Amino acid sequence: MTTDSMPYRLFLDGAYCLGNGGPSRPLINPSTGEAFAEVESAGVDQVALAAESAQRALDGVWRDLVPGKRAEILFRIAAVLRENTEELARLESLQVGKPIGDSRDEVGLGARIFEYYAGGISRFYGQTIPVARGGLDFTLRQPLGVVAAIVPWNFPFAIACWKVAPALAAGNAVLLKPASLSPLTALKLGELAHAAGLPAGVLQVLTGSGGVLGDALVTHPLIRKVSFTGSTSVGRRIMNLASQNLTRISLELGGKSPNIVFADADWEKAADTSPLSVFANIGQDCCARSRVYVERPIYEAFVARFVAATRRLIVGDPFDPATQLGPMVSAEQRSSVEEYLQDARRSGSRIQCGGGRLDSKGFYLEPVILTEVRPEHRCWREEIFGPVAAVVPFDDEASMLSDVNASPYGLSGSVWTRDLSRALRTTRIIQSGVLSVNTHSSVHVEAPFGGFKQSGFGRDLGMAAMEGYSELKNVYVAE
Ligand code: NAP
Ligand code: MG
């Protein structure tokens, strides 16, 4: 077992072990700006060793374990995660600055994901197909083999679980590569899954820089799929490299999601709930509703109420239970947001609230609402990945929708209206993988989650994710 006072190690083949990828790296607590732990880095050769031991674990035990046994282990992992909620939540809040209540919720979500896919194992099956020439034709869902899951720092535990659990449920082994900023809950997931009965080698956790380990993971011939969540640039690189071995990939690359409020809607409710639809997790959320379109007759009133609700949000120490928004994850991430704000000021946008740092060494930034934003402005077009919302009025549904769809992204979005036809029409037209009507909720364990266009492809969550970790085989038996 590691403690905060010694370097955290990699979790390979059922045990913690040293990394040979150079000196250990410090982890910074974003709420203090100070180092609180160190973590070892895997060397490139350890990627190959991990892939080989994963393959051995797959061939030796995991692939042929009866489905009921696999389900039992996944249920037990969920139970062990729940038992360790406090420790996991503490580590999550320390490494990324998330408010402790949000971290506990994230651990609960992770456990629910394991329960869902444990149950999914007995509902994951092929078909019998009446082929023209008679005989018996049936399909089988078979595991891909060893899968690499490369995950970001914004929801480190939940995203790790939503890649690992369906991959394991479908009978694969997984190499998990957490973000450099957030390795601790991923390591703990590896340890706890093993303690819950997952055979050694079936889930391994490689810490270290994506820039160093990424290419080796993506191009290793034993890796049959790379499931990635993160930036568009890294997604592109993975897609290029995956062509070498025709490795399967799924990419979730963020968004610039709309929040559309029609005048007929319960717009007060929309205004009251919109702050957390964009500022939750201090805006570091691929689903953040960062482009707010408000129909002209309610525009002024909406902005006033949205700003007032935003000013009420409590920004502060992640370990204070009253805190709703913690610091940003790193000084670099905050600087990148501040550059966007300078650009917005130069372009003539108005900052209605926020934008200040707190009197603290932590990476705090007060949530910002921009108005007077034009379609060509960077703040309107690019994913900021921080606490910035831009609000514009619209007059006409069709031209508003064409602006919505002009974004290269298409991940999520909200539509607020009491008109059912309008809700059905707009949700059909918007080019986005996930939409919500009269709410901002995007993520449901049971439902597919993923993007259109440059938000990526492939789906996390729901049974769609499990399908994505399997090959579909067809068998024909002559009569
Ligand atoms: P990123 O570089 O794409 O990081 C995501 C994951 O990919 C991390 O585990 C990272 O490891 C790894 N990685 C980095 N370079 C890699 C490579 N060459 N091959 C394979 N894996 C690699 O994202 P970031 O630098 O943390 O954030 C930059 C921007 O990405 C954000 O501002 C935001 O716009 C976007 N983003 C989107 C999401 C999302 O949910 N879709 C999440 C996070 C970030 P290291 O941490 O070790 O580099
Ligand atoms: Mg990066």
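For the numbers below, each heavy atom of this structure counts, side chains included, while hydrogens, waters and symmetry mates do not. Read the numbers this way: they start at 1 and go in the same order the structure lists the ligands and their atoms. Bear in mind the structure is a predicted one, so any value in this text is a computation, not a measurement.
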Looking only at distances, can you tell me whether any N or O atom of [X], backbone or side chain, sits closer than 3.5 Å to an N or O atom of ligand 1?
X: Trp153; answer: yes
X: Phe228; answer: no
X: Gly210; answer: yes
X: Ile384; answer: no
X: Glu383; answer: yes
X: Ser209; answer: no

Within 4.0 Å of atom 19 (N) of ligand 1 (strictly less), any protein heavy atom? yes
Quiz question for you: does at least one protein heavy atom lie closer than 4.0 Å to atom 11 (O) of ligand 1? yes
With no hydrogens and no angle check, is any side-chain donor or acceptor of Tyr117 less than 3.5 Å from a backbone partner on Met463? no
Would you say Glu52's side chain and Leu49's backbone share a donor-acceptor pair under 3.5 angstrom? no
Test item: side-chain donor near acceptor, Ser412 and Arg289, under 3.5 Å: yes
Ligand-side contact atoms (ligand 1) for residue partner Val151, heavy atom cut-off under 4.0 Å: 6 (C), 8 (C), 9 (O)
Specify side chain, backbone, both or neither for Arg237, according to which of its non-hydrogen atoms lie closer than 4.0 Å to ligand 1. side chain
Starting from atom 33 (C) of ligand 1, locate the nearest protein heavy atom and write down its residue, its atom name and how far away it is, to 0.1 Å. Phe385 CG, 3.3 Å
Go through the steps for Trp162 and Phe155 under the test ring pair (Phe, Tyr, Trp, His ring centres under 6.0 Å), then give the verdict. CA-CA 10 Å; Trp162 82 42; Phe155 295 95; 7.6 Å; no
Measure the distances from the heavy atoms of Gly208 to every atom of ligand 1 and state whether one is below 4.0 angstrom. yes
